[in-house]
Structures are given as C-alpha cells and as structure tokens.
Amino acid sequence: QVQLVESGGDLVQAGGSLRLSCTTSGTIFRINTMGWYRQAPGKQRELVAVITSGSTTNYADSVKGRFTISRDNAKNTVSLQMNSLKPEDTAVYYCNADVVILATILPPVYRSLEVWGQGTLVTVSS
C-alpha cells in the first residue's frame, strides 16, 4: 500500500557532492519520523540521519557537518544533501519512514508502520 522510492545515487570522486531524494506513494494519513540509512559491502545497515515531523534532526557522528537531511511535508518527501564525500561513504542508501495509515474508516482506526525503500547506490572513489 505504501511505498518509498530513492533516487540520486551515483559514482563521484572524493570531495564531491550528491543529493538523494525519496518519494512516497500510497494512502498515508501522516508521516512521523523519516530517515536515511546506509549499508556498505560486508557491513551492517547503519543510521545516517533522521528528521521528525517537526523538522528536528539527528546525524551519525561520521556525517555531521557534511550531510543535511530535509523534508517537504506537503509532498511527503525527504532528501539528503551529501557534501565532502569520502570513500567510506560508499554504500547503498535506504530511505525509511514511520507512517500512520487509516486502517479502518468506521470506526476510525489508525495504524503505525515502518516502511523502507529499495535503496540507491552511492560510490565514492579515492
């Protein structure tokens, strides 16, 4: 019912920049927290940045000062601006959202669920 689709991944040299975008589809009552995660080859998935419905942000220490997360509540989208990229930033980047859907109309029942995108590959060469 609800889907997230990432875009913007590319091959870039160290020191370069990329902007990732995530679009949502489906019937969504509200999106609470949205975030970006990444998974490097042979590594576990890790949190990169999150942003609340009130636009409060948190970043992994490894990306602070270099990455910026933002959201457009009217369009239900989230973006990640990545500057000063390093080879260790190479990974598949995944969009994540904590969404609220209307499970039933009469009586109205709301349900929270976590949704993931399929990922977009970012490769940073040295």
Side-chain angles (χ1 to χ4, degrees):
Q1 182 181 356
V2 179
Q3 290 186 319
L4 307 179
V5 180
E6 305 95 335
S7 63
D10 205 350
L11 171 65
V12 64
Q13 289 187 323
S17 298
L18 285 174
R19 184 176 180 85
L20 306 182
S21 296
C22 175
T23 60
T24 64
S25 64
T27 303
I28 301 173
F29 176 75
R30 184 177 68 248
I31 302 179
N32 295 321
T33 302
M34 303 184 76
W36 288 93
Y37 293 72
R38 67 186 181 187
Q39 187 167 22
K43 303 291 185 179
Q44 290 187 300
R45 188 173 300 186
E46 64 175 350
L47 173 69
V48 177
V50 295
I51 184 167
T52 69
S53 60
S55 296
T56 299
T57 60
N58 290 103
Y59 298 90
D61 289 339
S62 60
V63 306
K64 286 182 179 178
R66 300 188 298 121
F67 292 9
T68 302
I69 188 171
S70 61
R71 65 189 290 169
D72 186 332
N73 291 329
K75 298 180 179 180
N76 286 338
T77 60
V78 62
S79 298
L80 184 69
Q81 178 65 48
M82 305 185 295
N83 299 324
S84 302
L85 284 163
K86 305 175 181 179
E88 50 262 45
D89 294 320
T90 296
V92 176
Y93 284 71
Y94 297 91
C95 179
N96 171 268
D98 176 18
V99 308
V100 177
I101 63 171
L102 185 62
T104 65
I105 299 176
L106 294 174
V109 176
Y110 298 91
R111 181 185 300 164
S112 297
L113 65 155
E114 189 176 56
V115 184
W116 292 88
Q118 292 299 305
T120 185
L121 178 62
V122 173
T123 303
V124 184
S125 62
S126 60

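Throughout, residue positions are numbered sequentially from 1 according to the sequence presented.
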Hydrophobic cluster identity match, [X] and [Y], side-chain contacts under 4.5 Å:
X: V48; Y: V12; result: yes
X: W116; Y: V50; result: yes
X: L4; Y: Y94; result: no
X: V122; Y: V63; result: yes
X: V109; Y: V100; result: no

Are any non-hydrogen side-chain atoms of [X] and [Y] less than 4.5 angstrom apart?
X: K86; Y: V124; value: no
X: V5; Y: S25; value: no
X: V99; Y: T24; value: no
X: S53; Y: N73; value: no

Pairs touching residues 37-93 that satisfy disulfide bond (SG atoms under 2.5 Å apart), sequence neighbours left out: none
Write out all pairs satisfying side chain to side chain donor-acceptor pair (under 3.5 Å) with one or both partners inside residues 4-18, taking only residues at least two apart or from two chains.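 Matches after skipping sequence neighbours: S17-N83.
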For residues 31-38, run the donor-acceptor check on the side chains, cut-off 3.5 Å, and write out each pair with its distance to 0.1 Å, sequence neighbours left out.
residue	atom	partner	partner atom	Å
N32	OD1	R30	NE	3.1
R38	NE	E46	OE2	2.8
R38	NH1	D89	OD1	2.9
R38	NH1	Y93	OH	2.9
R38	NH2	E46	OE2	3.4
R38	NH2	S62	OG	3.4

On a heavy-atom basis, which atom in A14 and which in S126 lie closest, and how many Å separate them?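 Looking at all heavy atoms of both residues, the shortest contact is CB-CA, 4.4 Å.
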Heavy atoms only: give me the nearest T90-A40 pair and the separation to one decimal. O-CB, 3.5 Å
Quick one: [atom1] on [X] to [atom2] on [Y], what's the gap to the nearest 0.5 Å?
X: Q81; Y: L20; atom1: CD; atom2: CG; value: 8.5 Å
X: L113; Y: D98; atom1: CG; atom2: CG; value: 7.5 Å
X: Q3; Y: C22; atom1: CD; atom2: SG; value: 11.0 Å
X: L11; Y: T123; atom1: CG; atom2: OG1; value: 6.0 Å

I'd like to check the side-chain contact (heavy atoms from CB on, under 4.5 Å) partners of Q1; sequence neighbours left out, ordered by chain and number.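 Checked Q1 against side-chain contact (heavy atoms from CB on, under 4.5 Å); matches are T27, I101.
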Please check this pair: side chain of R111 against backbone of T104, looking for a donor-acceptor N/O pair closer than 3.5 Å.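 No, the answer is negative, given that no donor and acceptor are paired below the 3.5 Å cut-off.
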Sequence neighbours left out, what pairs pass salt bridge (Lys or Arg N to Asp or Glu O under 4.0 Å) with at least one residue falling in residues 54-64?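 Sorted result for residues 54-64: D61-K64.
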Before giving the answer on side-chain contact (heavy atoms from CB on, under 4.5 Å), spell out for R19 and S79 the whole-Å C-alpha distance, their side-chain angles and the decisive distance to 0.1 Å. CA-CA 7 Å; R19 184 176 180 85; S79 298; 3.5 Å; yes
Strictly by ring-ring contact (aromatic ring centres under 6.0 Å, His included), give each pair with a member in residues 50-81 just once, sequence neighbours left out.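 Of all non-adjacent pairs touching residues 50-81, none passes ring-ring contact (aromatic ring centres under 6.0 Å, His included).
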Could you check C95 against V78 for side-chain contact (heavy atoms from CB on, under 4.5 Å), going step by step and ending with a plain yes or no? CA-CA 8 Å; C95 179; V78 62; 3.6 Å; yes
Would you say CD of E88 has more than 12 non-hydrogen atoms from neighbouring residues, nucleotides or ligands within 6.0 angstrom? yes
